[in-house]
Amino acid sequence: MAALTPHLLSSPAAHAIAALALALLLLHFHTRYGRRYLLLWAASWASLAIFHAGNGIHLAAVGREDPVVWLTVTTSIVSVLAGYLQIAWLLWGCFELAKWQPLRRRDQRAVALSLFALSAVTWISVASLGRAGASEFGLVGTHSLVGGLTLLLCAWGIWTRRANEGGIGFMVIRVSFAAYGILQLHYFFTGAATLLGPGNSDAVSYFGTPHVLLQAAVGVGMFICLLDDERGAAVLAASQVEHLAYHDQLTALPNRGLFMTRLTTALSQAMRHRYKVAVLFLDLDRFKEINDSLGHSAGDMLLKSAAQRIRASVRETDTVARFGGDEFTILIPIIGRVEDAGRIAANIIEALREPIRIGDRDIVVTTSVGIAIYPLDGEDAETLVRNADTAMYGAKQQGRDAYRLYAAAMNSRSLERLELENRLRLALRNNELTLYYQPLMDLRDGSVFGLEALIRWNHPDLGLLLPDKFIATAEVSGLIVPIGKWVLREACKQARNWLNQGLDLVVSVNLSPRQFAQPDLVFQVQSALAEAQLPAGNLELEITESSAMHDVEQTIRVLRELKRLGVRISIDDFGTGYSSLSYLKKFPVDTVKLDQSFVRDITEPQDGAIASGIISMAHNLSLLVLAEGVETEGQLNFLRRNDCDRLQGFLFSVPLSPAAFDKFVNRNQQYFRSAARA
């Protein structure tokens, strides 16, 4: 060991200074670039500087004729801990560089505990060895073995994980780590051979200058690696920005911009080679109702699942894009026949019909698809997308869950619909909407107990328009929500006016499916009652059977909140929708309205049996029954014989303006009393 010791006693200071310089340099780069692995490496080199400094002091103290015990013990503990901390931080830094993520805390604890145990064993061995050479091997040799293996492991990890990285930095750091690791292993074998006997000292040597040079090479490699890493991060960031600019964040599908770019490119190719291109425009049916009732997170999950199914239903060469909201577009760049586009649309519709699991619910969603073909339905991207959208709307008009090819006649209807929507917005703003009221009669005593509010539009050019001329457009455009709020407030004000005149009447207001799905519906009703100062018992809210059955649990919750306000609830168009008789007992309602489709032919055996069955069932549930659309004496007599409670229809009155209502009340109360006596 005599030939080795002088070199070891003279080199620790130089090694400590070199390691400290590297630590400060890496710390500076961490401050500038913010890379966490730089901080870990700076801590590693700082620990290595402490290790070399402590090792030099320890060996100097052990070599004295009268060694100071506390100094040798303290320096050995410090050197051992610093040496293994250096290894741990080096390993963690290399892991983060190789995998772009920090080592898991569980793995960090495992590595730390292993190195701590190894450091304890090392210190005990140093303390138990009396002579300087043995202590030197205990400190330097063991650390060299673990450090050398760690450096080789880091070189291998960076090589395998970042093998495809360009630039010289990763190559330099891999080579310098490997060379430095081999040098560390050389020290271990040198120390081990020296301990075997003085005769082996000539077989080994110590490389002081190469050691410092390799430390410098590692530092330079780390710096160049940092620059390459920054360049790679910049390229990755640019790629991510480009992806975000042209892809939808939720579904990862191409967005509107990228779709239009690809469509334009496909059209130029199709024009050159004279083949057809198909554009499909999809819209999920009743998605807004699902989104409003189940929440936006459920809606997002539904959109992602739908996107995956659509993507799986077309070819790899086709482009599926999320156009916005619940709308998707598909580009089929080459298509042989128009019928092929229809088959693709049918496959998508079939795929989406399968229930989608959202949380603990199975959601069934359908889609309406419009198809436009180049060059038949347009020769540019904007026209094709617009015409496919028009065809999709036509599919919705036909009943949804279907596809439709574009026809030129659709454009005129689309323009008419757009004009009607814009004019309806102005009507709401210019107070052109008004309410008429159709009397509701009590069959038991012939009195008028209430009225149903029915909307009309005083169109400046077309005169008084009935709801069938504009309500469908209001539903599709979403205008039905502000219109519904206006109807609710106006009806409550009119009921208050009648109450002030001594007429204690119930005013019945229809809630559209969209309005019923609004999260602030209860607040809307409460505000309308408070604004008009109308008792809640004078307001009845009508919901359709299909609205009630869309989400039974949500319907029950909303109806209970409305009932707590004190308003009355009725189910409109009962018997025309779902098979809901088993659910009716769960709804906190007061009245069911027998749909006029049953009343129209109520004297026929089949419809009569249905009507009498509904009346009997409702009475068993302590509910009132109101028959809609009563127009003949025969219908009236049948309903009276079957104990129907209330009536509504042209037999008694058409809908009336508020000004015409007072005369009707006096005239028809007398009529009903005499009719009841008869």
Side-chain angles (χ1 to χ4, degrees), residues 242-243 245-248 251 253-285 306-307 310-311 313-349 352 367-398 400-422 473 476-477:
E242 183 179 5
H243 186 273
Y246 292 105
H247 290 78
D248 174 58
T251 62
L253 293 175
N255 60 15
R256 181 194 297 253
L258 182 55
F259 179 83
M260 297 302 288
T261 300
R262 290 184 179 178
L263 176 56
T264 302
T265 303
L267 292 178
S268 65
Q269 295 289 332
M271 185 182 301
R272 185 178 300 112
H273 299 289
R274 299 181 179 278
Y275 50 70
K276 296 182 180 68
V277 175
V279 174
L280 279 63
F281 200 105
L282 290 73
D283 183 87
L284 301 183
D285 299 329
I310 296 170
R311 177 68 266 183
S313 301
V314 299
R315 302 168 302 182
E316 285 295 326
T317 54
D318 301 332
T319 296
V320 178
R322 185 185 178 195
F323 217 62
D326 60 329
E327 296 174 339
F328 297 87
T329 49
I330 299 173
L331 165 62
I332 305 174
I334 301 176
I335 190 168
R337 298 177 302 168
V338 174
E339 292 82 356
D340 296 337
R343 279 194 288 271
I344 293 172
N347 290 338
I348 294 171
I349 292 170
L352 288 175
T367 185
S368 300
V369 185
I371 303 172
I373 305 294
Y374 167 86
L376 304 176
D377 303 322
E379 296 185 353
D380 61 88
E382 291 288 346
T383 301
L384 284 169
V385 171
R386 183 174 64 250
N387 289 344
D389 184 18
T390 301
M392 180 274 296
Y393 185 81
K396 284 189 178 291
Q397 292 289 84
Q398 287 183 326
R400 300 183 175 91
D401 193 26
Y403 71 87
R404 187 170 181 181
L405 295 167
Y406 174 76
M410 291 180 176
N411 259 340
S412 61
R413 290 197 294 270
S414 297
L415 292 174
E416 290 176 5
R417 187 176 72 250
L418 182 61
E419 176 62 24
L420 181 62
E421 179 183 329
N422 292 334
T473 299
V476 171
S477 65

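Remember, predicted model here, so these are calculated numbers, not experimental data. In what follows, every heavy atom counts, from backbone to side chain, and hydrogens, waters and symmetry copies are set aside.
Counting heavy atoms from C-beta on, the side chains of Val277 and Leu267 come closer than 4.5 Å. Using a 4.5 Å cut-off on side-chain heavy atoms (C-beta onward), Phe259 and Val279 make contact. A 4.5 Å side-chain heavy-atom check between Tyr374 and Met271 finds at least one atom pair inside the cut-off. In this structure the side chain of Leu284 reaches within 4.5 angstrom of the side chain of Leu352, judged on heavy atoms.
To the nearest 0.5 Å, the span separating CD1 on Ile373 from CD1 on Ile335 amounts to 5.0 Å. Atoms OG1 and CD1, on Thr329 and Ile310 in that order, are 9.5 Å from each other to the nearest 0.5 Å. Within the model, atoms CD of Glu327 and CE of Met392 stand 5.5 Å from one another, a figure rounded to the nearest 0.5 Å. In this structure, Met260 CE and Arg262 CZ are separated by 13.5 Å, a value rounded to the nearest 0.5 Å. Rounded to the nearest 0.5 Å, atoms OG1 (Thr264) and CG (Leu384) are 10.0 Å apart. Between the OH atom in Tyr403 and the CG atom in Leu280 there is a gap of 10.0 Å [rounded to 0.5 Å].
The two residues Asp285 and Ser368 come nearest to each other via the heavy atoms OD1-OG, 2.7 Å. Between Asn255 and Leu258, the closest heavy-atom pair is OD1-N, 3.1 Å. Residues Ala388 and Ala372 share a closest heavy-atom pair of N-CB, 3.7 Å. Heavy-atom minimum distance, Thr319 versus Pro254: CG2-CG, 4.2 Å.
Side-chain atoms of Asn387 come within 3.5 Å of backbone atoms of Asp377 as a donor-acceptor pair (strictly under, hydrogens ignored). The closest donor-acceptor contact from the side chain of Arg311 to the backbone of Arg315 lies under 3.5 Å. Counting only distance, with no hydrogens or angles, the side chain of Asp318 and the backbone of Ile330 share no donor-acceptor pair below 3.5 Å. Side chain of Asp340 to main chain of Arg343: no donor-acceptor pair is present (N/O by atom type, distance under 3.5 Å, no hydrogens or angles). For Thr367 (side chain) and Asp283 (main-chain N/O), a donor-acceptor pair under 3.5 Å exists by modelled atom type. Between the side chain of Asp389 and the backbone N or O of Val385 there is no donor-acceptor pair closer than 3.5 Å.
Atom CD of Glu382 is surrounded by 12 or fewer heavy atoms from other residues, nucleotides or ligands within 6.0 Å. Counting heavy-atom neighbours within 6.0 Å of Lys276 NZ, excluding the residue itself, gives a total of 12 or less.
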### Full working for side chain to side chain contact (heavy atoms under 4.5 Å, CB included) between Phe328 and Leu253
CA-CA 10 Å; Phe328 297 87; Leu253 293 175; 3.9 Å; yes
### Message
Assess the residue pair Gln269 and Tyr275 against the criterion (side chain to side chain contact (heavy atoms under 4.5 Å, CB included)); give the C-alpha distance rounded to whole Å, side-chain angles, the decisive distance to 0.1 Å, and a yes or no.
### Response
CA-CA 9 Å; Gln269 295 289 332; Tyr275 50 70; 3.4 Å; yes
